[in-house]
Protein chains: 2
Amino acid sequence: MANHYDITEYKNPLFTVDSVLFTVQEGALKVLMVKRTSEPFAGRWGLPGGFVNVDIDDNVGMTALRKLKEKTSVAPQYLEQLQTYSGVNRDPRGFSVTLVYFALIAEAQVSTHIATVDDAKWIDLNKLTELPVAFDHKFIIEQAKERLKQKALYSMIPVYCLPEHFTVGQFKLVIETILGKPVQRKSIIRRIEAADMFEKVDEKVKSGGRLAQLYKVKPDVDIVNFERNLSV
Amino acid sequence: MANHYDITEYKNPLFTVDSVLFTVQEGALKVLMVKRTSEPFAGRWGLPGGFVNVDIDDNVGMTALRKLKEKTSVAPQYLEQLQTYSGVNRDPRGFSVTLVYFALIAEAQVSTHIATVDDAKWIDLNKLTELPVAFDHKFIIEQAKERLKQKALYSMIPVYCLPEHFTVGQFKLVIETILGKPVQRKSIIRRIEAADMFEKVDEKVKSGGRLAQLYKVKPDVDIVNFERNLSV
DNA sequence: ATAATAGTGTCTATAAGACATTATGTA
DNA sequence: TACATAATGTCTTATAGACACTATTAT
C-alpha cells in the first residue's frame with residue numbers, strides 16, 4: 001500500500017486498561033483493590049485491570065469489563081471512562097498509558113465472591129493512605145472520587161451503588177456517604193420524581209419506624225442530568 | 001525479574017492521539033481538519049494527531065500539543081481530554097485506540113498560519129456532512145461538540161475562543177454560536193462578575209453604539225464551574 | 001434627533017434548603 | 001404511650017430569564 005504508515009517503526013507505548021470500582025458499604029465509600037502478584041510493584045495493591053487482548057476484546061470497554069469480571073464475577077451496574085494517565089516515569093518498564101474506567105456496583109451483588117478470593121478486597125477510601133499502592137493509582141482513585149462526587153450533585157448515578165430495590169433512606173445514605181455531607185431527604189424525593197427514572201415497587205420494608213416505600217430503576221432508562229447541583 | 005509481565009507476548013493495539021480543535025469564526029463553530037496524505041483514508045480529512053513519540057513526548061498531552069503545533073504553530077488556549085475511542089474495526093490496520101483531546105483557540109491567533117498551509121483548514125460544523133472524513137472522526141467531532149455545549153452551560157470556557165481582550169458582546173456571540181440559541185446578555189454579565197476570573201481592561205472599543213468595555217482573563221486563574229446551567 | 005449597541009434595574013420563575021407537621025410502623 | 005423513621009407541606013433563598021430603562025457613541 002502506498003504511503004502505508006508502518007507502525008513497527010515506532011516504539012509503542014505500553015497500553016493498559018484499569019478500573020476504579022466504587023461501592024458504598026456500611027456508610028463508607030470503598031474501592032476494589034487487587035493484590036499484585038507480578039512486577040512491577042508485586043505485593044502492592046493496585047486497580048483491577050490489565051492489557052487489551054485484541055483477539056477477544058472488541059474494544060477497550062470490554063477489556064475493562066473482562067478484567068472486572070475476573071475479580072467480581074459480574075459486570076458493574078455503571079461504567080464510564082474516567083481519563084487516561086500517561087507518562088514516561090509512571091511505570092519502570094517505560095512510557096505507559098493507562099485508560100481508567102470509573103464504575104459503580106451494589107456491594108451485595110459481589111460480597112460473597114469478594115469474600116472467597118484473597119487477592120481482591122474493598123478498601124475504605126479513608127484508609128487508603130495506609131495501604132501500599134502501586135503506580136499512581138492512589139492519585140487516580142482520588143480523581144475518580146472527585147468525579148463521583150461531582151456527578152452525585154447533578155445526577156442520580158449513586159443509585160448504581162444500591163440493590164435492585166431500594167428505599168429513599170438508603171439512597172440518601174449513599175449520596176451522603178459519597179458527598180461527605182448531609183443532604184435533605186426532601187431534595188432526593190423531589191429528584192426521584194423529577195428524573196422519571198424510577199418506579200415504585202408494590203412493596204414496603206421495615207425501617208425502624210413507618211414502613212418505607214421501595215423503588216427500582218425503570219428498565220432501559222438513561223441517566224438524567226439535572227440543571228442544578230445540590231449545594232456544595 | 002520474577003513474574004515479569006512480558007509485553008512482547010501481546011499484540012499491542014495501535015495507539016494514537018487526536019485533537020478536536022474548535023474555534024468560532026464569523027458566528028460559526030468550526031473545527032480544524034487536516035487532509036490525510038497517507039493510508040488509511042489518504043485524501044480524506046481527519047483530526048490533527050498521530051502516534052506518540054516516546055523519545056520526545058513526556059506524556060500523551062504533549063503528543064496532542066506537538067501535533068496541534070505542527071498545524072497551527074501555537075498551543076491552544078484550552079486543552080482537556082475528551083474520550084478514548086477504540087475497536088477492532090475502526091482502523092483497517094487492526095485494533096486501534098485513539099485518545100481524543102478537546103481544544104479551543106481564538107481564530108485570530110492562528111488565522112495567518114492556517115492560511116499559509118494547504119493541508120489544514122477550518123471546517124464549519126454545519127458543513128461537516130459534505131466532507132469526506134476519515135475513520136469515525138465525524139462521530140467523535142459530534143461528541144466533542146456536545147461536550148463543548150454542555151460545558152458552555154455551566155462554565156466560562158467559551159472565553160478560550162476569544163482573543164486576549166474581549167467585550168461582553170463578543171463573549172455573548174461565542175456562547176450563542178456554541179449553544180445554537182440566544183442567551184441573555186445580563187446572564188453573561190452576572191457570570192463574568194460572579195466567576196471572578198476576569199478583570200476590566202483600561203480601554204473601551206467601538207461597537208456601533210456606546211463604547212464597549214474590554215475584559216481579559218486574570219492571570220493563572222482556574223475555570224469556575226457554576227452550580228446551575230443556563231437554560232436549555 | 002435617530003439609531004445602535006452597552007450596561008443597569010428589577011420583577012418573575014424555578015428548584016434547592018430548611019424545617020415543621022403528619023403518617024405509620026415497633027417496642 | 002413513646003419513639004423512630006417515612007413522607008408531605010410550605011416558607012425561604014439563590015440564581016437565571018425577561019425585559020424595560022438609561023447611557024453613550026456615530027451619523
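Just so you know, these numbers use all the heavy atoms, side chains as well, and skip hydrogens, waters and symmetry mates. Remember, predicted model here, so these are calculated numbers, not experimental data. Residue numbering restarts at 1 for every chain, and letters A, B, ... go by the order of the sequence lines.
In terms of position along DNA chain C, the nucleotide closest to B:Y215 lies nearer the 5' end than the nucleotide closest to the other residue of the pair A:K181 and B:Y215. In terms of position on DNA chain D, the residue among B:R190 and A:A212 whose nearest nucleotide sits closer to the 5' end is A:A212. Along DNA chain C, the nucleotide nearest A:R228 and the nucleotide nearest B:G209 are compared for position; the residue whose nucleotide lies closer to the 5' end is B:G209. For the pair B:N229 and A:T167, both in contact range of DNA chain D, the more 5′-proximal nearest nucleotide belongs to A:T167.
Per the geometry, CD belonging to B:Q184 stands 17 Å off P belonging to C:dT5, to the nearest Å. Between the P atom of D:dT22 and the CG atom of B:L211 lies a distance of 21 Å, rounded to the nearest Å. Note: CG (A:L173) to P (D:dT5) measures 12 Å, nearest angstrom. When rounded to the nearest whole Å, the span between CD of A:E227 and P of C:dA13 equals 17 Å. Per the geometry, CG belonging to B:L153 stands 14 Å off C1' belonging to D:dG17, to the nearest Å. D:dG9 atom P lies 14 Å from atom CZ of A:R185, rounded to whole Å. Summarising the geometry, the separation between CG on A:L230 and P on C:dA18 is reported as 11 Å, rounded to the nearest angstrom. Distance B:E193 CD to D:dA16 P: 12 Å, rounded to the nearest Å.
Counting non-hydrogen atoms under 4.0 angstrom, A:Q213 reaches the backbone sugars and phosphates but no base. Across all strands shown, B:K204 has no heavy atoms under 4.0 Å from either base or sugar-phosphate atoms. B:R191 comes within 4.0 angstrom of the backbone, heavy atoms only, and of no base.
Shown here is A:K35, whose NZ atom has no more than 12 heavy atoms of other residues, nucleotides or ligands within 6.0 Å. Surrounding NZ of A:K181 are more than 12 heavy atoms belonging to other residues, nucleotides or ligands, all under 6.0 Å away.
Between A:Y78 and A:F102, the ring planes lie perpendicular to each other; the angle is over 60°, past the 30° to 60° tilted range.
Judged by distance alone with a 3.5 Å cut-off, a donor-acceptor contact links the side chain of A:K186 to the base of D:dG9.
Salt-bridge annotation for B:D119 and B:K71: present, with a side-chain N of the basic residue lying under 4.0 Å from a carboxylate O of the acidic one. Between B:D196 and B:K218 a salt bridge is recorded (basic side-chain N to carboxylate O distance below 4.0 Å).
OP1 or OP2 of C:dG17 has at least one side-chain nitrogen or oxygen of A:S231 nearer than 4.0 Å. Within the 4.0 Å cut-off from OP1 or OP2 of D:dG17, at least one side-chain nitrogen or oxygen of B:S187 is found.
You'll find that the side chain of A:R210 is closest to D:dA7, out of D:dA7, D:dT24, C:dG17.
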